[in-house]
Amino acid sequence: MASLQPIRGTHDILAEDHRLYRLVMETAYEIAARYGYQEHSTPIFEFTDVFARTLGDTSDIVTKEMYTFADRNGESLSLRPENTAGICRMFISNGMTQQLPLKVFCRGPMFRYERPQKGRQRQFHQIDAEILGVADPLADIEVIALGAHILEALGLMDRVKLELNTLGDTESRTAYRVQLVEYFNDFRDKLSEDSLIRLKKNPLRILDSKDKGDRVIVEGAPLMSETLNALSEDFFGQVKQGLESVGVEYHIEPHLVRGMDYYCHTAFEFTTDTLGAQGAVLAGGRYDGLIETMGGPRTPGIGWAAGVERLSMMVGDAPEAPRPIVVIPVGGDQESQALIITQRLRKAGFNVNLGFSGNVKKRLNRANKANAVAALLIGEDELAKGVVTLRDMETGEQSEASLSSLEEHLARYR
RNA sequence: GUGGCUGUAGCUCAGUCGGUUAGAGCAUCGGCUUGUGGUGCCGAGGGUCGGGGGUUCAAAUCCCCUCAGCCACCCCA
């Protein structure tokens with residue numbers, strides 16, 4: 001039994017879910033295309049280093065959630081836990097520096113070894129939008145506006161809230177970090193165990209803690225906004241202003257930080273309270289130093305990722321499956337004719353199903369279950385007259401349709 | 001990695017003071033209708049009671065282990 005189950009945290013995506021996922025992904029893709037983003041794909045696995053070096057050795061994703069294994073050459077490989085590192089690697093590998101600014105749309109499966117729960121699986125799917133090569137806040141504004149546009153198109157805006165923060169540039173963040181450590185050091189005996197570790201490795205993340213005790217302490221912590229240098233403050237100001245000018249509402253969330261180390265300046269997250277404990281629906285930020293860290297030319301970047309399963313859960317209902325016209329040979333002798341007609345109609349652009357076996361009753365029954373719009377009954381009598389019987393499956397009305405002009409008779413079922 | 005709840009037919013679920021062949025609804029298949037679906041009537045098939053071990057004359061029911069699902073912590077999309 002164990003071997004016939006899918007691996008924990010993975011599942012088969014059946015037809016209905018696929019329709020829903022496609023709706024989400026296609027909507028996102030089409031809108032991104034309007035903004036000039038083109039779809040790219042990177043492999044679902046990379047040298048482990050691609051993720052380990054970029055995500056930072058403090059992130060949980062790298063330290064305990066990656067599927068890492070040695071291939072037959074002993075090379076350490078990992079299934080991608082997110083897409084940004086891969087995109088930056090693609091940018092460097094393909095020498096795409098001449099194509100800047102580069103707007104990338106991606107979609108595909110990601111893998112994280114986590115305990116599954118609502119809105120969280122070990123294999124899940126993300127859509128992704130990134131702009132490489134634009135240091136200007138206009139890029140931040142565009143990328144966030146794109147995210148908002150997609151959420152709006154999916155009808156989710158009323159259940160989603162945009163949280164916005166800045167992490168500042170390196171100078172501001174370093175200064176802030178010093179302040180934070182100083183502040184939290186006074187509460188060493190009161191901080192949660194996790195946060196004590198964070199204090200050493202990545203103090204900013206204490207701000208994000210859900211521990212009740214921590215939260216009280218965090219209340220009194222100094223704010224990033226107080227240590228921002230002029231440049232960072234100006235940058236953030238432009239982002240906010242730009243968002244206002246295009247009508248994207250946001251809420252400043254001073255404690256919003258990012259899990260990955262490579263982020264700077266703008267950090268944002270569209271969150272919801274409709275997905276249980278999983279709040280983040282579409283989240284991202286600016287990562288100006290990332291490509292350089294990987295060994296590429298100094299190239300700014302900003303982007304976001306969104307969980308397809310999470311978006312789908314919020315959208316709720318899957319679109320209906322396409323409704324076919326069903327071709328039914330009345331007897332065995334008409335089967336070859338039925339096949340020819342079926343194929344002819346398919347080539348003419350109709351959605352057509354040829355029932356595979358059984359008498360008329362069975363085939364009609366199956367047509368009904370397939371939610372057919374119409375059935376074409378092809379029997380001896382019909383063929384003798386050069387017609388088929390066209391049955392509307394909604395009304396039950398039947399009429400004769402001449403074989404020569406079948407396409408016209410069926411026009412309304414297209 | 002930690003904690004709570006759950007696991008009986010394809011699906012949703014009954015069934016536990018342990019006791020003969022484990023039930024229902026829906027779904028499936030067949031018939032009433034050998035050229036006509038959706039509603040009706042009749043009938044049939046389908047279950048290692050998640051898996052393993054233990055207690056017992058006897059286990060779906062009690063105990064232990066394990067796997068999986070859900071939810072939460074954690075983390076994040």
Side-chain angles (χ1 to χ4, degrees), chain A residues 1-11 24 28 55 58-66 81-84 107-129 147 192-195 197-198 205 208-212 214 256-260 269-272 275-284 303-314 326 328-334 355 358-382 388-398:
Chain A
M1 185 64 180
S3 63
L4 292 181
Q5 291 176 332
I7 292 170
R8 183 169 206 190
T10 71
H11 66 263
V24 168
L55 297 176
T58 64
S59 81
D60 282 20
I61 290 183
V62 168
T63 56
K64 43 190 187 201
E65 294 179 2
M66 277 212 300
E82 56 92 45
N83 217 182
T84 307
R107 59 178 127 188
M110 306 295 156
F111 305 85
R112 293 183 197 172
Y113 187 88
E114 294 185 280
R115 192 88 172 252
Q117 72 185 70
K118 188 183 175 102
R120 196 169 85 179
Q121 300 155 257
R122 290 183 176 183
Q123 176 178 337
F124 60 102
H125 298 79
Q126 286 188 337
I127 49 177
D128 220 274
S192 68
E193 229 174 285
D194 287 337
S195 286
I197 297 167
R198 294 183 185 119
R205 299 228 333 256
D208 221 13
S209 176
K210 283 185 193 166
D211 183 273
K212 286 179 223 111
D214 286 355
L256 174 68
V257 294
R258 307 271 72 218
M260 274 74 90
E269 202 164 298
F270 287 87
T271 60
T272 181
L275 290 177
Q278 317 305 326
V281 172
L282 184 155
W304 51 255
V308 174
E309 286 84 352
R310 289 186 186 177
L311 291 170
S312 298
M313 266 191 270
M314 291 185 75
V326 170
I328 298 174
V330 170
D333 292 347
Q334 290 85 48
N359 54 30
V360 172
K361 182 189 169 80
K362 272 189 195 167
R363 290 181 199 242
L364 263 175
N365 210 317
R366 249 181 266 133
N368 191 51
K369 275 169 197 150
N371 202 18
V373 273
L376 298 184
L377 291 157
I378 303 172
E380 228 177 325
D381 306 346
E382 282 89 346
V388 300
T389 297
L390 168 57
R391 180 180 180 87
D392 185 292
M393 292 298 282
E394 214 65 64
T395 63
E397 277 168 32
Q398 296 194 167

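Predicted model only: the values in this text are computed from it and were never measured. Worth knowing before you read on, the calculation uses all heavy atoms, side chains too, and leaves out hydrogens, waters and symmetry mates. So that the names make sense, note that chain A is the first sequence line, chain B the second, and so on, each numbered from 1.
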For a quick check of understanding: with a heavy-atom distance under 4.0 Å over all strands, which category does [X] fall into, base, sugar-phosphate or nothing?
| X | result |
| --- | --- |
| A:Gly119 | base |
| A:Arg310 | base |
| A:Ala367 | nothing |
| A:Gln334 | nothing |
| A:Gly9 | sugar-phosphate |
| A:Lys362 | sugar-phosphate |

Pairwise [atom1] distance, [M] and [N] [rounded to whole Å]:
| N | M | atom1 | value |
| --- | --- | --- | --- |
| B:rU28 | B:rC70 | C1' | 29 Å |
| B:rC42 | B:rC67 | P | 48 Å |
| B:rG31 | B:rA9 | P | 28 Å |
| B:rG53 | B:rA58 | P | 15 Å |
| B:rA24 | B:rC64 | C1' | 33 Å |
| B:rU33 | B:rU39 | C1' | 15 Å |
| B:rU8 | B:rA60 | P | 15 Å |
| B:rC5 | B:rG46 | P | 37 Å |

Taking atom CD of A:Gln117 as the centre, report whether more than 12 heavy atoms of other residues, nucleotides or ligands fall under 6.0 Å from it.
yes
Reading nucleotides 35-42 of chain B from 5' to 3' and marking B where a protein heavy atom lies under 4.0 Å of the base, S where only the sugar-phosphate is that close, and - otherwise, the string is BBBB----
Approximate separation, where rounding is to 0.5 Å, of [X] [atom1] and [Y] [atom2]:
| X | Y | atom1 | atom2 | result |
| --- | --- | --- | --- | --- |
| A:Arg122 | A:Glu65 | CZ | CD | 10.0 Å |
| A:Asn368 | A:Met393 | CG | CE | 5.0 Å |
| A:Arg391 | A:Ile328 | CZ | CD1 | 9.0 Å |

5' priority, RNA chain B, between A:Gly279 and A:Arg8 [closest heavy atom]:
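That would be A:Arg8.
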Taking the nucleotide of RNA chain B with the closest heavy atom to each, which residue, A:Thr10 or A:His125, is nearer the 5' end?
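Its nearest nucleotide lies further toward 5', so the answer is A:Thr10.
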Taking every non-hydrogen atom, the tightest pair across A:Arg107 and A:Ile127
CB-CG2, 4.0 Å
Note: A:Arg120 and A:Arg115 closest approach over all heavy atoms is NH2-O, 2.6 Å
Rounded to whole angstrom units, what separation is found between the [atom1] atom of [X] and the [atom2] atom of [N]?
| X | N | atom1 | atom2 | value |
| --- | --- | --- | --- | --- |
| A:Ile7 | B:rA68 | CD1 | P | 10 Å |
| A:Gln121 | B:rA68 | CD | C1' | 15 Å |
| A:Trp304 | B:rA77 | CH2 | P | 13 Å |
| A:Glu65 | B:rC76 | CD | P | 7 Å |
| A:Tyr113 | B:rU2 | OH | C1' | 14 Å |
| A:Glu114 | B:rC74 | CD | P | 13 Å |
| A:Lys64 | B:rG1 | NZ | P | 11 Å |
| A:Arg122 | B:rC67 | CZ | P | 11 Å |

Measure the shortest side-chain to side-chain distance between A:Arg310 and A:Leu282 over non-hydrogen atoms and say whether it is less than 4.5 angstrom.
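No, their side chains stay 4.5 Å or more apart.
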Side chains of A:His11 and A:Gln123 in contact at under 4.5 Å (non-hydrogen atoms):
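Side chain of A:His11 against side chain of A:Gln123, heavy atoms only: no contact under 4.5 Å found.
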Please determine, by modelled atom types, if A:Glu269 and A:Thr271 share a side-chain donor-acceptor pair under 3.5 angstrom.
no
Testing the 3.5 Å rule here: is there a donor-acceptor pair between the side chains of A:Glu382 and A:Thr389?
yes
Hey, does the side chain of A:Gln117 come within less than 4.0 Å of B:rA72's phosphate (OP1/OP2), counting only N and O?
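It does, given that an N or O in the side chain of A:Gln117 lies less than 4.0 Å from OP1 or OP2 of B:rA72.
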Backbone N/O of A:Gly358 and side chain of A:Arg363: donor-acceptor pair under 3.5 Å:
yes
For Watson-Crick and G-U wobble pairs within 3.5 Å on both distances, what is RNA chain B written in dot-bracket notation, | included for inter-strand pairing?
(((((((..((((.....[...)))).(((((.......))))).....(((((..]....))))))))))))....
Is there, by distance only and without an angle test, a donor paired with an acceptor across the side chain of A:Arg115 and the base of B:rC70 below 3.5 Å?
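Answer no: no donor N or O sits under 3.5 Å from an acceptor.
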